[in-house]
Structures are given as C-alpha cells and as structure tokens.
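My questions will all concern the structure given below.
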Protein chains: 2
Amino acid sequence: MSRGDARDRLIQAAIDLIWTSSYGAVSVDAICERAQVRKGSFYHFFASKDDLVVAALDTHWSSRRPVLDDVFSASRAPLERLQRYFTHIGERQGEVRGQYGRVLGCFHHAVGSECVQRPTAVAAKAQEISLALRRYIESAVRDAQAEGALPSGDPVAAAKGLFAYVTGALAQARVHDDLELLRQLPQTAWLALGMAGPPKPGA
Amino acid sequence: MSRGDARDRLIQAAIDLIWTSSYGAVSVDAICERAQVRKGSFYHFFASKDDLVVAALDTHWSSRRPVLDDVFSASRAPLERLQRYFTHIGERQGEVRGQYGRVLGCFHHAVGSECVQRPTAVAAKAQEISLALRRYIESAVRDAQAEGALPSGDPVAAAKGLFAYVTGALAQARVHDDLELLRQLPQTAWLALGMAGPPKPGA
DNA sequence: CTCGAACTTGACTAAACAGTCATCTCCCAC
DNA sequence: GTGGGAGATGACTGTTTAGTCAAGTTCGAG
C-alpha cells in the first residue's frame, strides 16, 4: 500500500461513492473499504463523517476552480466565456459518464439539496460552493452588460435565472442519465438570458 | 388513537419527514414515532421501507394530479395553462413554506435524484412521476404550437427545456429557502420557450 | 542509537437500523 | 353468542452504524 496518501484516498473514495449514490447511503465503513484504510486511521485524519465530506466538497471544488478560471478567463469576451461554459458542461459530464458509468450532474448540488434541513457544516459548505459558482456567471453577465453585449438589467437576477436553468438541466441529466439536454446547452442556455441563441462571432 | 387510518398516518409521516430532510436520513422508527404507530403495525401495512416510500410518492402525486388537471385544463388556451402553472408553483411553494417552515421544492424530484444509482422501485416511481408531470407541459406546448401561439418545433425538446428550468428553479428555491425565483417564474419561464415574456391577453 | 511524532491497526462499544413474530384485541358477519 | 379476520402490540433478532481506544509500526531529526 502506498504511504502518506491515505487521507487523499479517503477523500477520493468519499467523492466517488457519494457522487454516484448519495450522502445518506454511504457509510464510513464503505468509504474506508474503498480507500483501503482502516477505521482507526479514518478518525486519525477526520473528526467525523461530516468532517470528511466537507473536505471532499472542498477538494472537489478546488479541482474544478482552475478549469472555471480558464473557461471564464477575462481575456475573452464575456459572451464567449458563457458560450465556453455551456460547451464545457456537456464535455465535462461526458467525461464523468466515461469515468463513473453514468451522468452524475453537480456533486455539491446533489449533496447540498440532500442536507438541506439541519444546518450542518456540510450544508453550509455546499451552499458556499454553489454561490461561488454562481458568481462566475454573474461576473460574465455584468461584463457583458457593461459592454452592451447584453441588455442592461439586474445582473444578479439574470445570473440566478441562468444558473437555475443550467443546474436544472444537470439535475435532469442525472436523473435520466441523459446527456442530450446538456449537449444542447450551447444553443438553449441563451434563452434564459433573453437571447434567441448563441451570439454571432462578428457582433 | 383514531382507528383505521394508521396506514394513512404512516404515509403522511413519510412524506413530511422525507420531504423536509431526505430519503436516507429518515428511519422506519422515526416514521413510526411521528405516525404514532407501532413497528409491528408498520410491517402489517407495508412490506418494507421502500414499499412505504413508493406508496408515499403515489399518494403525494395523486393529491397533486387534480390540481394540475385544473391548471392545465383544456378548457383554457394553451399559453394560459402554462401561465397558470408558473403562477401556481410560486403559490404552492408559499403554502409549503407556511406548512413546513421552509421551501421544499419538488418531493418526487428530491427523492428521485437521491435514489438514482441502484434501480429500485423507489427510483422507478419517482422517474415515472417526473415524466407524468413533464407530459402536462408537453401537451400544452403541443397545443400552443398547433394553434400558432408558439413557433413550431419539437414539442418534446421544448418541454424538456422548460421543465429543466422550472425544476432547476425549484431546486434552487429549496437549497436557499428562497421563493423569489419562483415568484418570478410567471415572467421568466417564458424565456425557456424562446418568448420574451408572458403572452398579451389580446393576442 | 533513540526518541517522539505521525501514522496504522484491529478489536471494541453503544446506539440505531430494518425487519420478525407470537400473542392479544377488537368488531362484524353469521 | 361466537368464530374469524383485520389490526395492534412490544419484545425480539441480527446487522450495520458512527465513533473509540490502547497498542502497535514506521521513520526522520537530533
């Protein structure tokens, strides 16, 4: 067994198992078995199951952030950032299906909507990530409005609407294990912003 | 204790507890306690926890169906049906918040996306209900296209897109316990169909 | 070499879990 | 009135759960 990376293996096992099923259906024992780590070591690294899940959400989000930083790079025009984001979602979920055997949607969204009632650290972390993600969209919308590429209006409300559409499509894709809706996002997501379709390159 | 309605109390307790938290977080014992029914009686009425949850999904859906039949009544113009649906969602979730203390979104959607991995009877039932609901939208879209109130195109794809937007808004409303997005649905949901806003009454 | 900190191990607990069962109670058809 | 079926009851089983712990092992710094 490789040494030193038991903590990482536990986090990865938690991501894999929880993403493919659910928070409530995955036990500490199951995580330990998949990570090939003994129970005692688990509690050496993490104070509780919740503690691990918070770390898993963090780790997963950290791995997505550089990708989003590229997709939403300010070196591109605002509408191009959004277009790249819509394309990225379908591609990414295609990878996920290749890796996990099915479309899984948004990791933190699945965890967040499951742990909604009691305000645990897990729920708080999932909400935090959800807001951070929405801010990428918000920023692109604001920039687009500033340069007149989008009609002016409340950028927060516009981002909320677009975000709802995107996460809704991801959730539907998960439930029906179907990439179709996501593959069409580059055309259809613009509707949520009040645009008929993707912006013309020459605009 | 009232007689005869133990079965109904169990179903209602299951709906209440699972909707407000999650499928995985609710135990048979907890359901029994809330319903004031002993463990033995539970298994007199239901073969398993899953069996109860399927019945709970069925019961809940049965209680929504007549409301949807009214909202989507063919006696109204297709676009008016949709407009009433969008309005209905916000009103309904307002009632839910009054009753349960928080916005809960879609019952069967929450259960469905949690039980997605292993194809259980619960997952199948949740999917079945999800499709049945989408068919209401699909039918209204088809009728609207037939009478030229909507541009013609694939009604199934259009309904899928609109459904993704609506369920996405419901999921966001659940996660953030916020009705705002739902209250704006009567204005914004039309975007998902490629329309700028609600249809003019005189059209 | 040696000490201590980081890490590992497996056996352990107490509670919660889904599900079982024999027995009891009620009430209605006959 | 009585036999039988529907329903109620609580004690029970075996398993799984999260979490604990004392006794290890490993390994680099001094």
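Letters go in sequence order (proteins before strands), and every chain restarts at 1.
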Next item on the list: Could you tell me whether a side-chain N or O of Q127(B) sits under 3.5 Å from a main-chain N or O of G112(B), the two making a donor and an acceptor?
Entry: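 Absent.
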
Item checked: Close residues, residues 46-54 of chain B, relative to DNA chain C [heavy-atom separation under 4.0 Å] ->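 Those residues whose heavy atoms fall under 4.0 Å from DNA chain C, taken from residues 46-54 of chain B in numerical order, are S48(B), K49(B).
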
Please table the atom pairs, donor to acceptor, closer than 3.5 Å between any side-chain atom in residues 181-191 of chain B and protein atoms at least two apart or in another chain.
{"residue": "T188(B)", "atom": "OG1", "partner": "Y165(B)", "partner atom": "OH", "Å": "3.2"}
{"residue": "T188(B)", "atom": "OG1", "partner": "Q184(B)", "partner atom": "O", "Å": "3.1"}
{"residue": "W190(B)", "atom": "NE1", "partner": "Q83(B)", "partner atom": "OE1", "Å": "2.7"}
{"residue": "W190(B)", "atom": "NE1", "partner": "P186(B)", "partner atom": "O", "Å": "3.1"}

Item checked: Side-chain donor or acceptor of S139(B) paired with backbone N/O of R135(B) under 3.5 Å -> no

Donor-acceptor pairs are to be reported for all side-chain atoms of residues 96-106 of chain B against protein atoms at under 3.5 Å, with residues two or more places apart or in another chain.
{"residue": "Y100(B)", "atom": "OH", "partner": "D16(B)", "partner atom": "OD1", "Å": "2.7"}
{"residue": "R102(B)", "atom": "NH1", "partner": "R174(B)", "partner atom": "O", "Å": "2.8"}

Check: Partners of S63(B) by side-chain hydrogen bond (donor to acceptor under 3.5 Å, both in side chains), sequence neighbours excluded?
Finding: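 Per chain and number, S63(B) pairs via side-chain hydrogen bond (donor to acceptor under 3.5 Å, both in side chains) with no residue.
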
Checklist line | Expected output: side-chain T120(A) to main-chain A123(A) donor-acceptor under 3.5 Å | finding: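 Flag set: sc T120(A) to bb A123(A) pair under 3.5 Å.
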
Checklist line | Pairwise ring-ring contact (aromatic ring centres under 6.0 Å, His included) hits with a residue in residues 116-154 of chain B, at least two apart | finding: F72(B)-Y136(B)

Note to self: Per the salt bridge (charged side-chain N to carboxylate O under 4.0 Å, His left out) rule, what does the pair list look like for residues 155-170 of chain B, sequence neighbours excluded?
What the structure shows: D178(A)-K160(B), E180(A)-K160(B)

Notebook entry, point to check: In whole Å, what is the span from the OH atom of Y43(A) to the P atom of dT9(C)?
Noted result: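 These atoms are roughly 17 Å apart.
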
Checklist line | Integer-rounded Å distance: dA8(D) C1' and Q36(B) CD | finding: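 Rounded to whole Å, this separation is 13 Å.
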
Next item on the list: Could you name each residue pair satisfying salt bridge (charged side-chain N to carboxylate O under 4.0 Å, His left out) that touches residues 55-76 of chain B, not counting sequence neighbours?
Entry: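 For residues 55-76 of chain B: D58(B)-K125(B), D70(B)-R76(B), D70(B)-R84(B).
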
Notebook entry, point to check: Which whole-number value in Å describes the distance from E33(B) CD to dC17(C) P?
Noted result: 11 Å

Note to self: Of the listed nucleotides (dT17(D), dA18(C), dA6(D)), which one gets closest to any side-chain atom of D29(A)?
What the structure shows: dT17(D)

Note to self: What is the separation between atom CZ on F45(B) and atom P on dT20(C), rounded to the nearest whole Å?
What the structure shows: 16 Å

Margin query: Tell me which pairs pass ring-ring contact (aromatic ring centres under 6.0 Å, His included) where either residue lies in residues 49-71 of chain B, with sequence neighbours left out.
Written below: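 Residue pairs with at least one partner in residues 49-71 of chain B: W19(B)-H60(B), H60(B)-F107(B).
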
Note to self: Could you report the tightest heavy-atom contact between P155(A) and R142(A), atom names first, then the distance?
What the structure shows: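 Closest approach of P155(A) to R142(A), heavy atoms only: CG-NH1, 3.6 Å.
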
Margin query: From the set dA18(D), dG19(C), dC7(C), return the single nucleotide nearest to any side-chain atom of H44(A).
Written below: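 Shortest atom-to-atom distance from the side chain points to dC7(C).
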
Checklist line | End-to-end axis angle, where each axis spans five pairs of the helix from dC1(C)-dG30(D) to dC30(C)-dG1(D), to 10° | finding: 0°

Notebook entry, point to check: Looking at L57(B) and A126(B), what are the two nearest heavy atoms and their distance?
Noted result: CD1-N, 4.1 Å

N/O donor-acceptor pairs under 3.5 Å from side chains in residues 22-29 of chain A, not counting sequence neighbours:
{"residue": "S22(A)", "atom": "OG", "partner": "A25(A)", "partner atom": "N", "Å": "3.4"}
{"residue": "Y23(A)", "atom": "OH", "partner": "D50(A)", "partner atom": "OD1", "Å": "2.2"}
{"residue": "S27(A)", "atom": "OG", "partner": "A30(A)", "partner atom": "N", "Å": "3.1"}
{"residue": "D29(A)", "atom": "OD1", "partner": "K39(A)", "partner atom": "NZ", "Å": "3.2"}

Short heteroatom pairs, N/O only, protein and nucleotides 23-25 of chain D, under 3.5 Å:
none

Distances under 3.5 Å between protein N/O atoms and the N/O atoms of nucleotides 10-12 of chain C, please, pair by pair.
{"residue": "dG10(C)", "atom": "O6", "partner": "G40(A)", "partner atom": "N", "Å": "3.4"}

